[in-house]
2 protein chains.
Amino acid sequence: MVNLEWYRTFKAIYKTGTLTGTAEVLFISQPGVSLHLSSLETYVGHKLFDRTGRKMIPTEHGKVLFNALVDPLTKLEEVEKNFQRSTEKHVPTISVGMCFETFQITLEQYVSTLPFNLIISFGDYPEMLDQLDKGILDLIITPKKGISANIEHESFSHEKIVLVAGKDVDSIAFKEVLKTKNKGFIEEWLKQQKWYGTTGDMEHLFNFWNLNFGKKPDFRPNYIVPNLNSIVRCLSAGTGLAVVPDFLCHSEIDNGSIQLIWEGDKKLKNTLYFGNRKKTVHHEEIDHIKTLFRKVMAR
Amino acid sequence: MVNLEWYRTFKAIYKTGTLTGTAEVLFISQPGVSLHLSSLETYVGHKLFDRTGRKMIPTEHGKVLFNALVDPLTKLEEVEKNFQRSTEKHVPTISVGMCFETFQITLEQYVSTLPFNLIISFGDYPEMLDQLDKGILDLIITPKKGISANIEHESFSHEKIVLVAGKDVDSIAFKEVLKTKNKGFIEEWLKQQKWYGTTGDMEHLFNFWNLNFGKKPDFRPNYIVPNLNSIVRCLSAGTGLAVVPDFLCHSEIDNGSIQLIWEGDKKLKNTLYFGNRKKTVHHEEIDHIKTLFRKVMAR
DNA sequence: ACACATGTATCATATTTATGATACATGTGT
DNA sequence: ACACATGTATCATAAATATGATACATGTGT
């Protein structure tokens with residue numbers, strides 16, 4: 001098996017052009033460098049440098065190898081810097097998992113202001129929970145609590161799944177229909193309208209329909225757009241209906257570009273939780289993000 | 001300095017959960033694994049695993065470290081596979097440098113059909129030439145020849161920098177103006193029109209104007225779009241003028257959605273070259289790409 | 001053309017690192 | 001509660017690796 005140190009030495013030779021220089025850079029002896037290189041050359045089965053008078057010139061194979069490993073190797077060398085036992089703080093990286101739509105209307109606007117690095121990861125909730133436990137994620141925003149003992153959940157807001165419409169939709173007429181309390185009428189009126197949906201999940205629409213009409217919706221949305229925020233933007237154009245979490249369109253409802261026309265007979269409401277490991281070295285950063293969330297969600 | 005092998009061992013411990021298992025996976029002894037881990041722990045200054053009865057449980061620091069290094073480390077471990085002295089061929093990766101617009105109208109459509117991996121790199125020509133020499137690129141498409149002895153150039157096509165217009169532009173009128181051969185008239189007529197430009201370089205327009213009017217253009221384009229292909233698409237809508245390389249809009253000119261209204265009094269013409277290292281292990285793949293280019297450029 | 005500066009390869013030797021043997025620790029099943 | 005399976009830590013020792021000294025090679029400047 002190739003010794004990873006050979007790679008480091010190889011890269012340094014490639015950069016410095018001499019074994020002596022490499023030795024100085026890596027704080028090892030020149031014969032050691034020579035040894036590393038010859039070991040690597042033997043291993044890969046190709047000469048990697050042409051030894052000219054003063055300089056090591058990479059061969060074609062050397063160039064190919066170099067390109068194959070510079071990027072990951074450089075990144076790996078960087079890792080060390082973040083772990084030196086030093087007093088100087090380094091900028092940590094926080095990984096947060098949530099659904100795409102939530103990110104767009106909450107954190108996105110603040111990303112550039114964060115005093116640490118951020119990785120947003122989109123995925124489904126059980127997977128996110130697993131990754132949180134494994135340490136791949138540091139914080140998740142989810143409507144479903146997990147059961148792991150290492151993870152603490154904290155509710156911070158609610159989402160209501162509601163029926164919204166563009167401002168040009170005749171909500172007065174719909175109110176009249178609602179007043180009849182006749183499920184058949186209501187359903188029929190709704191099915192007459194133009195509906196929006198997303199490529200991925202129809203979960204909200206299914207649940208909403210199921211809760212209010214006791215069955216699956218027997219129609220397909222007329223327009224399929226990439227995500228829930230696209231729906232909100234489309235509705236803002238004037239017409240159409242969709243079932244979405246209310247917090248995704250608070251501002252649009254407030255300024256009148258979208259109407260909340262029905263919260264449902266039985267209301268569909270989820271609690272939103274923060275989830276993070278109880279033990280974490282990133283409490284400060286996580287709290288920072290939580291604060292931003294609370295600010296955005298409290299309107 | 002950390003020994004990169006410690007990382008490999010650390011990752012394996014994280015994955016297997018035991019030192020013994022790690023030893024088997026890495027073909028080293030269990031005490032060796034123990035040594036690597038304790039060395040790494042000493043170095044980073046934190047315990048990385050809790051030793052429970054049967055399993056190594058990563059500590060918070062262990063999780064953070066793991067996340068910091070899995071990706072690059074895994075990639076680095078992959079490198080080895082591509083260099084084993086084996087008879088089985090592996091899929092090579094070819095790096096090609098060219099300008100963004102050229103890529104879009106030539107290679108883009110064939111990318112999925114290539115029997116090798118491809119990395120397209122966009123940059124300026126001198127830099128690309130340098131990277132070609134260093135082995136970071138394997139092939140470049142450029143209008144400027146370099147001088148390095150290791151690099152061979154081959155002309156394969158030409159580009160004419162021409163004045164094009166949307167189909168609704170009154171080219172008959174412009175022909176009349178051209179007939180006057182009065183530079184002032186021509187310039188005036190052109191400046192009356194709506195012009196397109198790109199965010200980045202105005203080089204084509206500058207050169208064209210300079211060659212035909214002996215000065216810099218004293219107006220700014222009315223519409224600034226991201227790249228030359230955007231210009232072509234915008235012009236296809238009907239109106240507007242732009243100076244672009246002809247090969248970017250061959251098909252649009254042919255089908256009449258764009259008019260080539262002036263090649264200039266003095267023609268602005270570049271030769272396009274392939275550039276690659278004379279010594280390369282990727283001749284076959286490079287020839288494949290060259291063939292595609294010749295096919296696209298010959299119309 | 002020469003001395004010199006710069007750089008690589010090869011030794012014997014020193015140091016580091018890995019190993020096998022084994023003691024010790026902790027869950028598991030009866 | 002006990003024996004046993006599974007796993008880690010710690011030795012002395014073996015093997016691998018790194019080092020300093022030095023020979024050798026090749027450009028550079030006078």
Can you check whether [X] has a side-chain N or O nearer than 4.0 Å to OP1 or OP2 of [N]?
X: A/Thr20; N: C/dT8; value: yes
X: B/Arg51; N: C/dA25; value: no
X: A/His36; N: D/dA18; value: yes

Between A/Phe156 and A/Phe293 (judged by ring centroids, cut-off 6.0 Å), do the two rings come close enough to count as a pair? yes

Within the 6.0 Å centroid threshold, strictly below: B/His158 and B/Phe247: no

Within residues 26-34 of chain B, find the residues that approach DNA chain D with a heavy atom at under 4.0 Å, and present them sorted by residue number. B/Gln30, B/Pro31, B/Ser34

Residues in side chain to side chain donor-acceptor pair (under 3.5 Å) with B/Thr22, at least two apart? B/Thr16

Take the protein atom [atom1] of [X] and the nucleotide atom [atom2] of [N], then report the distance between them rounded to whole Å.
X: B/Leu19; N: C/dA18; atom1: CG; atom2: C1'; answer: 15 Å
X: B/Lys55; N: D/dA5; atom1: NZ; atom2: C1'; answer: 17 Å
X: A/Ile57; N: D/dG27; atom1: CD1; atom2: C1'; answer: 13 Å
X: B/Met1; N: D/dT17; atom1: CE; atom2: C1'; answer: 15 Å
X: A/Lys47; N: C/dT8; atom1: NZ; atom2: C1'; answer: 13 Å
X: A/Leu48; N: C/dT8; atom1: CG; atom2: C1'; answer: 16 Å
X: B/Met56; N: C/dG27; atom1: CE; atom2: P; answer: 14 Å
X: B/Glu24; N: C/dT19; atom1: CD; atom2: P; answer: 13 Å

Watson-Crick and G-U pairing of DNA chain D, under 3.5 Å, as dot-bracket with | and [ ]: ||||||||||||||||||||||||||||||

Pick the closest DNA chain C nucleotide for A/Leu37 and for B/Leu35 by heavy atoms, then say which residue is nearer the 5' end. A/Leu37

Specify the closest pair of heavy atoms between A/Thr102 and A/Thr106, including all atoms of both residues, with the distance to one decimal. O-OG1, 2.5 Å

Within the structure provided, determine whether [X] and [Y] are in side-chain contact (heavy-atom separation under 4.5 Å).
X: A/Gln131; Y: A/Glu127; value: yes
X: A/Ile13; Y: A/Leu19; value: yes
X: B/Phe274; Y: B/Ile141; value: yes

Thinking salt bridges, do B/Arg294 and B/Glu154 make one under a 4.0 Å N-O criterion? yes

Once the angle between the rings of B/Phe66 and B/Tyr14 is folded into 0 to 90°, is it parallel (under 30°), tilted (30 to 60°) or perpendicular (over 60°)? parallel

